[in-house]
There are 2 protein chains.
Amino acid sequence: MSDMPSCQFESRPRRIVIGAGGAQTDFCTTCSVRPTSVCSVIGPDDISRLSEAAVETIIPPGRGFIEEGAPATDFFNVTSGTVKLFKALPDGRRQITGFASPGHFLGLAVSDNYAFGAEAVDTVRVCRFSRDKMADLLDDFPKLERRLLEEASNELVAAQNQMLLLGRKTARERVASFLLDQMHASQLPGQENGGRLHLPMTRGDIADYLGLTIETVSRTLSWMRSQGMIEVGKGYAITILSVAKLDVLAAGNS
Amino acid sequence: MSDMPSCQFESRPRRIVIGAGGAQTDFCTTCSVRPTSVCSVIGPDDISRLSEAAVETIIPPGRGFIEEGAPATDFFNVTSGTVKLFKALPDGRRQITGFASPGHFLGLAVSDNYAFGAEAVDTVRVCRFSRDKMADLLDDFPKLERRLLEEASNELVAAQNQMLLLGRKTARERVASFLLDQMHASQLPGQENGGRLHLPMTRGDIADYLGLTIETVSRTLSWMRSQGMIEVGKGYAITILSVAKLDVLAAGNS
DNA sequence: CGGGTAGTTGATGGTCATCAAGGGGGGTGG
DNA sequence: CCACCCCCCTTGATGACCATCAACTACCCG
């Protein structure tokens, strides 16, 4: 797990297509996460700047691409798949600090070294920006800075919620909170999907995220099933049968 | 604890002193935390803008001044004392997400409501900025935005460390980490103080910060004393006798 | 078919929460 | 000034929750 070679990329540089009139068209215009990501602050006129700076990278499941403590050379924007962010203790204990889904920006760090590791949960595509190019973009597009501040503030709020969960919630409350969070995250605004969830991560990842063990997560899910709260399908499918019951649990009633 | 009236200020507006030549001098020029706080990005020429926007507020120990969930009307900059930031569950369980010391900026939130509560640990002085005035400052001083992003990034790193602590460390490891953090925070660069610490917060606060109970914190400190790691003085004084032993503990060896 | 990974379930134990009692300091009021 | 109270802290006894150890199933892939 920790002896896995990290920072190995399968990169393919963006192709810049020169249009008939000399105008540049490129990947970014058709990027599916552009509307919801930080990239949206850069207007159509300047989008070529973005494309030149970005390198699309595909990362297979389980592969690490940010190593905790390594020099922070790049920033990333997730365009598909799910990334787990984590910190580890010398003896191998691991805490997943968050899951990054499409549209999320990775690498906010003042230090010259990454403060956390990152690993692909399923197949992940990211846009990679070098530190230098990112700095140029920040200088030229002040809006980008404001957007990143927003992003950071949101993550800060999420982190505070997670601290409350880790410090003060019971196992049942943690799992309930997790399932509800996943439900909200998977729901595009105005869309219901009958409580059906597809969790890309393993029980081990969930455990490392919630500060529990695999066994406790498994037992808790089984207990929730026995209470008619959820249905546990094959693979990574879970269906929430009673949001209300989970809400009661997550808010802190045993 | 939760029925305490919050958001009660003892404010005194900044006095703007008009100098002989018509130049404005004011509190901000003599502010002791200016060099280390976000305010430092606003140069001497524009400092009057800052002073006009800020209201100095004194908060007595134990008084809350940000209520979780209340409309986010103001931002704060701590100028002296220590503030605890926290989130709570309906049944009263509480998690302190951080302690803000002089120079720290509070209120980063995209939402219209505060995501956390804040309460003075000892006597606290803050500079208060209304949301509107802060927005004006952000528009006029782009550097301020970059500085806030730095601030947020640092807090994010701290939050990730705290998640690792809460999710994966034992009680002893937590207390050791806490003492070392406090030591580093209290050491001005290039200054040693013989491991002597003055913790402004109670055992209860420490417990709520570390995800433990008062009793466990107390027992753990007693155990560390019995091991010759620390000395527990009267009041809130603690002396670290062996940084090395605490380091071993904090890194994760029992 | 064999091996590896992921998940579930059971038995047991350890760590830390809970319940309880007592000490010490600081404030207020008699 | 001292009594009284309240808060904070400490220490002890007990127990609950969850980690650990272990066995077993299912599934995937060669």
Side-chain angles (χ1 to χ4, degrees), chain A residues 1 4 60-62 84 89 91-95 119 121-122 165-176 178 198-226 230-238 249 252-254, chain B residues 1 4 60-62 84 89 91-95 119 121-122 165-176 178 198-226 230-238 249 252-254:
Chain A
M1 187 180 296
M4 169 180 307
K84 56 185 171 197
L89 291 170
D91 64 1
R93 278 175 285 172
R94 202 178 59 153
Q95 178 65 36
E119 191 176 310
V121 172
D122 44 14
L165 181 149
L166 292 170
R168 289 303 181 208
K169 289 189 181 178
T170 66
R172 288 175 181 179
E173 291 163 2
R174 292 181 201 202
V175 175
F178 171 73
H198 177 81
L199 305 178
M201 68 289 287
T202 67
R203 297 282 186 273
D205 289 336
I206 299 175
D208 280 347
Y209 181 56
L210 299 180
L212 301 169
T213 59
I214 294 181
E215 294 93 324
T216 299
V217 170
S218 181
R219 265 187 259 275
T220 305
L221 289 174
S222 297
W223 175 82
M224 287 176 171
R225 183 164 38 102
S226 78
I230 63 172
E231 214 169 83
V232 182
K234 297 250 170 205
Y236 295 87
I238 285 185
L249 256 189
N253 303 77
S254 171
Chain B
M1 184 180 299
M4 169 179 308
K84 55 186 171 196
L89 291 170
D91 65 1
R93 278 175 285 172
R94 203 178 56 154
Q95 177 65 36
E119 190 177 310
V121 173
D122 44 15
L165 181 148
L166 292 170
R168 289 305 182 206
K169 289 190 182 179
T170 67
R172 287 174 182 179
E173 291 163 2
R174 293 182 200 201
V175 175
F178 172 73
H198 177 81
L199 305 178
M201 68 289 287
T202 67
R203 297 283 187 271
D205 288 335
I206 298 175
D208 279 347
Y209 181 55
L210 299 179
L212 300 170
T213 59
I214 294 181
E215 294 93 325
T216 299
V217 170
S218 181
R219 266 187 258 275
T220 305
L221 288 174
S222 297
W223 175 83
M224 287 177 171
R225 182 163 40 103
S226 78
I230 64 172
E231 214 169 83
V232 182
K234 298 247 172 209
Y236 296 86
I238 286 186
L249 257 189
N253 303 76
S254 164

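Letters go in sequence order (proteins before strands), and every chain restarts at 1.
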Among [options], find the nucleotide with the atom closest to the side chain of [X].
X       : options                   : answer
R225(B) : dT8(C), dC16(C), dT11(D)  : dT11(D)
K234(A) : dT10(D), dA17(C), dA26(D) : dA26(D)
R219(B) : dT8(C), dA17(C), dG12(D)  : dG12(D)

Worksheet, complete the sentence: Minimal heavy-atom distance between I214(A) and G204(A), with the atoms involved, is CG1-CA, 3.6 Å

Practice prompt. Mind listing the closest non-hydrogen atom pair of E119(A) and R94(A) along with its distance?
Written response: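 Residues E119(A) and R94(A), closest heavy atoms: OE1-NH1, 4.5 Å.
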
Worksheet item: Reckon G235(A) touches a base, only the sugar-phosphate, or nothing at all at heavy-atom distances under 4.0 Å?
Response: nothing

Worksheet item: Which is true for L221(B) with a 4.0 Å heavy-atom rule: it touches a base, it touches only sugar-phosphate, or it touches nothing?
Response: nothing

Interatomic distance, [X] [atom1] vs [N] [atom2] [rounded to whole Å]:
X       : N       : atom1 : atom2 : value
R93(A)  : dT20(D) : CZ    : P     : 9 Å
I230(B) : dC9(D)  : CD1   : C1'   : 14 Å
Y236(B) : dG24(C) : OH    : P     : 18 Å
L212(B) : dC9(D)  : CG    : C1'   : 16 Å
E215(B) : dT10(D) : CD    : P     : 11 Å
R203(B) : dC8(D)  : CZ    : P     : 12 Å
D91(B)  : dT18(C) : CG    : P     : 10 Å
R94(A)  : dA19(D) : CZ    : P     : 15 Å

Worksheet entry | Closest-nucleotide ordering on DNA chain D, the 5'-leading residue of T202(B) and R168(B) | T202(B)

Worksheet item: For DNA chain D, whose closest nucleotide is more 5', that of V217(A) or that of V232(B)?
Response: V232(B)

Worksheet entry | Atom pair OG1 (T213(A)) and CD1 (I206(A)), whose distance is rounded to the nearest 0.5 Å |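 Going from the OG1 atom of T213(A) to the CD1 atom of I206(A) covers 12.5 Å.
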
Worksheet entry | S222(A) side chain near dT9(C) phosphate (N/O to OP1/OP2, under 4.0 Å) | yes

Discussion item. OP1 or OP2 of dA17(C) versus the side-chain N and O atoms of T216(B): is any pair under 4.0 Å?
Written reply: yes

Worksheet item: Under the 3.5 angstrom rule, does the side chain of R168(A) hit a backbone N or O of R93(B) as a donor-acceptor pair?
Response: no

Worksheet item: Are any side-chain N or O atoms of R174(A) and backbone N or O atoms of L212(A), one a donor and one an acceptor, separated by less than 3.5 Å?
Response: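 Side chain of R174(A) to backbone of L212(A), a donor-acceptor pair under 3.5 Å: no, none is there.
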
